[in-house]
Engineer: 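Got a structure here, written out as structure tokens. Questions coming.
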Amino acid sequence: MAGRLLGRALAAVSFSVALASVTVKSPGCRGIPAFRNSFSSCWFHLNTNVMSGSNGSKENSHNKARTSPYPGSKVERSQVPNEKVGWLVEWQDYNPVEYTAVSVLAGPRWADPQISESNFSPKFNEKDGHVERKSKNGLYEIENGRPRNPAGRTGLVGRGLLGRWGPNHAADPIITRWKKDSSGNKIMHPVSGKHILQFVAIKRKDCGEWAIPGGMVDPGEKISATLKREFGEEALNSLQKTSAEKREIEEKLHKLFSQDHLLIYKGYVDDPRNTDNAWMETEAVNYHDETGEIMDNLTLEAGDDAGKVKWVDISDKLKLYASHFQFIKLVAEKRDAHWSEDSEADCHGL
């Protein structure tokens, strides 16, 4: 018991250090918030830009998770000022709004029951049957039977639109190719002098924002399978295809997802659906079609949760959902592709 309490205390201290923006310096780069993950024995960089998305705000690593109204509702969160986001900051008058969407309370197969139900005894911070309740960022606290968002207060308790108490795991496939001219030559940006990279973007039906394709990991499903499935469903409309068409798509996707790939990000995501008791975590993986031959033979067609789909040039002018802007920036940096016309905007070595 003592060891468990000590571990929980270390986890809380680790996250509070991150949220207090303790910084380490990288040559030619602005300060990068970081924290020591005591449980994985490795350094884990929690970049505030990753958490805050496309607006570049560095005031706090927890911005979109405090926005109102809550997605798909008229529910207004209790306001949480930047200086009171962290759980270690005492706030006796904190009075968050309770909200769980009707669609979640209806009990679909992807959602947990309410904590109060007598037959529901979730095993937080571990694999619970086929449901993964471990966080990619280490242990999280349990308070009054409910898991507590490791990134801090959001102004709302319950689950909102999220099915699971605690971490809700997703996977985001970032499919890229080089932009080419009619002769098949890579196009170089005239200012940065770097080749222009493109990625497949979808326009979400729920909020109308452009985003990386992706979705929730099904219980027992491998991340690699989720990445392939979600790209097929949202960017190729595979759910509406005939059996023969599905087999053809599967063969081409197998080639694509067997190619060069990079893990871009793994961990907590600053998402507008997050609450004090339920939050999004993801693995963003970049699959790059160097020659373009595979994707040239696949016709993009929006499906499932996507309203539109298209190839988009990567640059710092993008406006994307949740933390997707920073994921794309990291892809550009790792692929040494064009990002900004301002040379000082690039920050390598994250």
Engineer: Do Tyr268 and Asn149 have side-chain N/O donor and acceptor atoms under 3.5 Å apart?
Structural biologist: yes
Engineer: Check step by step if side-chain contact (heavy atoms from CB on, under 4.5 Å) holds for Tyr140 and Arg148.
Structural biologist: CA-CA 7 Å; Tyr140 49 89; Arg148 195 168 71 174; over 6 Å; no
Engineer: For Arg146 versus Ile115, what's the shortest heavy-atom pair and its separation?
Structural biologist: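 For Arg146 versus Ile115, the nearest heavy atoms are CG-CG1, 4.2 Å.
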Engineer: Of all residues at least two apart in sequence or in a different chain, which pass the salt bridge (Lys or Arg N to Asp or Glu O under 4.0 Å) check with Lys252?
Structural biologist: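 For Lys252 the salt bridge (Lys or Arg N to Asp or Glu O under 4.0 Å) partners, ignoring immediate neighbours, are Glu248.
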Engineer: Return the minimal non-hydrogen interatomic distance between Gly158 and Thr275, and the atom names on each side.
Structural biologist: O-OG1, 2.6 Å
Engineer: Counting only heavy atoms from other residues, nucleotides and ligands, does the tally under 6.0 Å from NZ of Lys74 exceed 12?
Structural biologist: no
Engineer: Just how far is it from atom NZ of Lys246 to atom OG of Ser238, taken to the nearest 0.5 Å?
Structural biologist: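 Here the interatomic distance stands at 7.0 Å.
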Engineer: Hey, are Glu141 and Trp87 close enough side-chain-wise for a donor-acceptor pair under 3.5 Å?
Structural biologist: no
Engineer: Give a yes or no on whether the backbone of Glu233 and the side-chain of Asn237 come within a donor-acceptor separation of less than 3.5 Å.
Structural biologist: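 No, because the side chain of Asn237 does not come within donor-acceptor range (under 3.5 Å) of the backbone of Glu233.
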Engineer: Please identify each residue that fulfils side-chain hydrogen bond (donor to acceptor under 3.5 Å, both in side chains) with Glu283, with sequence neighbours left out.
Structural biologist: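 Glu283 satisfies side-chain hydrogen bond (donor to acceptor under 3.5 Å, both in side chains) with Lys136 once adjacent residues are dropped.
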Engineer: Short question: side chain of Lys64, backbone of Ala322 - any donor-acceptor pair under 3.5 Å?
Structural biologist: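 Flag set: sc Lys64 to bb Ala322 pair under 3.5 Å.
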Engineer: If you define the side chain from C-beta out and look only at heavy atoms, does anything of Lys329 sit under 4.5 Å from Asp316?
Structural biologist: no
Engineer: Taking side-chain hydrogen bond (donor to acceptor under 3.5 Å, both in side chains) as the test, write out the residues that go with Gln92, two or more places apart.
Structural biologist: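 side-chain hydrogen bond (donor to acceptor under 3.5 Å, both in side chains) check on Gln92 returns Glu90.
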Engineer: When rounded to the nearest 0.5 angstrom, what is the spacing between CZ in Arg133 and CG in Asn125?
Structural biologist: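 Between Arg133 CZ and Asn125 CG, I get 11.0 Å after rounding to 0.5 Å.
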Engineer: Going only through I, L, V, M, F, W and Y residues with side-chain contacts under 4.5 Å, is there a path from Val312 to Phe327?
Structural biologist: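 Looking at the clustering, Phe327 is in the same group as Val312.
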Engineer: Apart from Val89 itself, which Ile, Leu, Val, Met, Phe, Trp or Tyr residues share its cluster (side-chain heavy atoms under 4.5 Å, direct or through members)?
Structural biologist: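 In the cluster with Val89 there is nothing else; it is isolated.
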Engineer: How long is the gap from CG on Leu320 to CZ on Phe325, to the nearest 0.5 Å?
Structural biologist: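 If we round to the nearest 0.5 Å, Leu320:CG and Phe325:CZ are 7.5 Å apart.
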Engineer: So does Asn144 have more than 12 non-hydrogen atoms from other groups sitting under 6.0 Å from CG?
Structural biologist: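 Not more than 12 within 6.0 Å, no.
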Engineer: What residues join Ile249 in its hydrophobic cluster, counting side-chain heavy atom gaps under 4.5 Å, either direct or through other members?
Structural biologist: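 The other cluster members (ILVMFWY side chains, heavy atoms under 4.5 Å, direct or chained) are Ile175, Val200, Ile202, Val217, Ile223, Leu227, Phe231, Leu236, Leu253, Leu256, Phe257, Leu263, Val285, Tyr287, Ile294, Met295, Leu298, Leu300, Val309, Trp311.
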Engineer: Of all the heavy-atom pairs spanning Tyr70 and Pro272, show the shortest one and how long it is.
Structural biologist: CE1-O, 3.6 Å
Engineer: Can you name the closest pair of heavy atoms from Leu197 and His288 and give their distance?
Structural biologist: CD1-CE1, 3.6 Å
Engineer: Any donor-acceptor pair under 3.5 Å linking the side chain of Asn286 with the backbone of Leu262?
Structural biologist: no
Engineer: Does Glu209 come within less than 4.0 Å of Arg204, counting only side-chain N to carboxylate O?
Structural biologist: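 Looking at Arg204 together with Glu209, the answer is no, because their closest N to O distance does not fall below 4.0 Å.
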Engineer: Show your reasoning for whether side-chain hydrogen bond (donor to acceptor under 3.5 Å, both in side chains) applies to Glu290 and Trp178.
Structural biologist: CA-CA 7 Å; Glu290 179 66 26; Trp178 296 109; 3.2 Å; yes
Engineer: Find out whether the Lys NZ or Arg CZ of Arg153 is both under 6.0 angstrom from the six-membered ring centre of Tyr94 and within 45° of the ring's axis.
Structural biologist: yes
Engineer: Who passes side chain to side chain contact (heavy atoms under 4.5 Å, CB included) against Trp110, sequence neighbours left out?
Structural biologist: Val104, Pro108
Engineer: Might you work through the side-chain contact (heavy atoms from CB on, under 4.5 Å) test for Asp336 and Lys194, ending with a clear yes or no?
Structural biologist: CA-CA 7 Å; Asp336 195 27; Lys194 294 186 176 183; 3.1 Å; yes
Engineer: State which residues pass salt bridge (Lys or Arg N to Asp or Glu O under 4.0 Å) with Arg335; sequence neighbours excluded, sorted by chain then number.
Structural biologist: Asp260
Engineer: Would you tell me whether Thr282 and Asp172 have side-chain atoms, one donor and one acceptor, within less than 3.5 Å of each other?
Structural biologist: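 Indeed, the side chains of Thr282 and Asp172 share at least one donor-acceptor pair under 3.5 Å.
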Engineer: Between Ser323 and Val269, which heavy-atom pair has the shortest distance, and what is it?
Structural biologist: OG-CG1, 3.5 Å
Engineer: Indicate yes or no: at least one non-hydrogen side-chain atom of Trp339 is less than 4.5 angstrom from one of Ile328.
Structural biologist: yes
Engineer: Keeping Asp289 on the side-chain end and Arg177 on the backbone end, is there a donor-acceptor pair under 3.5 Å?
Structural biologist: no
Engineer: Which residue is it: Asp276, Val97, Val80, Asn277? I am looking for the one with a side-chain contact (heavy atoms from CB on, under 4.5 Å) to Thr154.
Structural biologist: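 Per the side-chain contact (heavy atoms from CB on, under 4.5 Å) rule, the option paired with Thr154 is Asp276, out of Asp276, Val97, Val80, Asn277.
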Engineer: Should Leu162 and Asn274 count as side-chain neighbours, where that means a heavy-atom distance under 4.5 Å?
Structural biologist: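 Yes, at least one pair of side-chain atoms sits under 4.5 Å.
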Engineer: Roughly how far, to the nearest 0.5 Å, is SG of Cys207 from CG of Asp305?
Structural biologist: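 Asp305 atom CG to Cys207 atom SG measures 10.5 Å (nearest 0.5 Å).
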Engineer: Please identify each residue that fulfils salt bridge (Lys or Arg N to Asp or Glu O under 4.0 Å) with Asp218, with sequence neighbours left out.
Structural biologist: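 Asp218: salt bridge (Lys or Arg N to Asp or Glu O under 4.0 Å) contacts with Arg229.
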Engineer: Is it the case that one hydrophobic cluster holds both Tyr321 and Leu318, taking links as side-chain heavy atoms less than 4.5 Å apart, direct or via other members?
Structural biologist: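 The answer is no; the residues belong to distinct hydrophobic clusters.
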Engineer: Could you pull out all residues at least two apart from Lys203 that satisfy side chain to side chain contact (heavy atoms under 4.5 Å, CB included)?
Structural biologist: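 By the side chain to side chain contact (heavy atoms under 4.5 Å, CB included) rule, Lys203 matches Trp210, Lys308.
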Engineer: So, are Lys179 and Asp313 salt-bridged, with charged N and O less than 4.0 Å apart?
Structural biologist: yes
Engineer: Starting at OG1 of Thr176, measure out to CZ of Phe199 and round the result to the nearest 0.5 Å.
Structural biologist: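 Rounded to the nearest 0.5 Å, the OG1-CZ separation comes to 10.5 Å.
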Engineer: If I take atom NZ from residue Lys241 and atom CG from residue Leu239, how far apart are they, to the nearest 0.5 angstrom?
Structural biologist: 10.5 Å
Engineer: Less than 3.5 Å apart, any donor N or O on the side chain of Glu281 or Ser135 sitting next to an acceptor on the other?
Structural biologist: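 Yes, side-chain donor-acceptor contact under 3.5 Å.
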Engineer: With a 4.0 Å cut-off, would you call Lys228 and Glu250 a salt bridge?
Structural biologist: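 Salt bridge flag = yes for Glu250 with Lys228.
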Engineer: Got a sec, which pairs hit side chain to side chain donor-acceptor pair (under 3.5 Å) with one end in residues 155-170, sequence neighbours left out?
Structural biologist: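 For residues 155-170: Asp112-Arg164, Gln114-Arg159.
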Engineer: What pairs with His189 under side chain to side chain contact (heavy atoms under 4.5 Å, CB included), at least two apart in sequence or on another chain?
Structural biologist: Val191, Ser192, Ile196, His338, Glu341
Engineer: Glu245: which residues meet the salt bridge (Lys or Arg N to Asp or Glu O under 4.0 Å) condition with it, sequence neighbours left out?
Structural biologist: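 Expected list: none.
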Engineer: Is a side-chain N or O of Ser73 found less than 3.5 angstrom from the main chain of Val75, in a donor-acceptor match?
Structural biologist: yes
Engineer: With a 4.5 Å limit on heavy-atom distance, are the side chains of Phe124 and Pro167 in contact?
Structural biologist: no
Engineer: Looking at every heavy atom in both Ile314 and Ala332, which two are closest together, and how far apart are they?
Structural biologist: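 Taking Ile314 first and Ala332 second, the nearest heavy atoms are CG2-CB, 3.9 Å.
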Engineer: Keeping the roles fixed (side chain from His324, backbone from Ile212), state whether a donor-acceptor pair exists under 3.5 Å.
Structural biologist: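 Checked: pair present.
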Engineer: Flag yes if Leu156 and Val85 sit in one hydrophobic cluster, no otherwise; membership is Ile, Leu, Val, Met, Phe, Trp, Tyr, and two members link when side-chain heavy atoms are under 4.5 Å apart.
Structural biologist: no
Engineer: Any chance you could lay out the side-chain contact (heavy atoms from CB on, under 4.5 Å) test for Met216 and Glu221, step after step, and finish with the verdict?
Structural biologist: CA-CA 10 Å; Met216 308 307 296; Glu221 185 177 40; over 6 Å; no
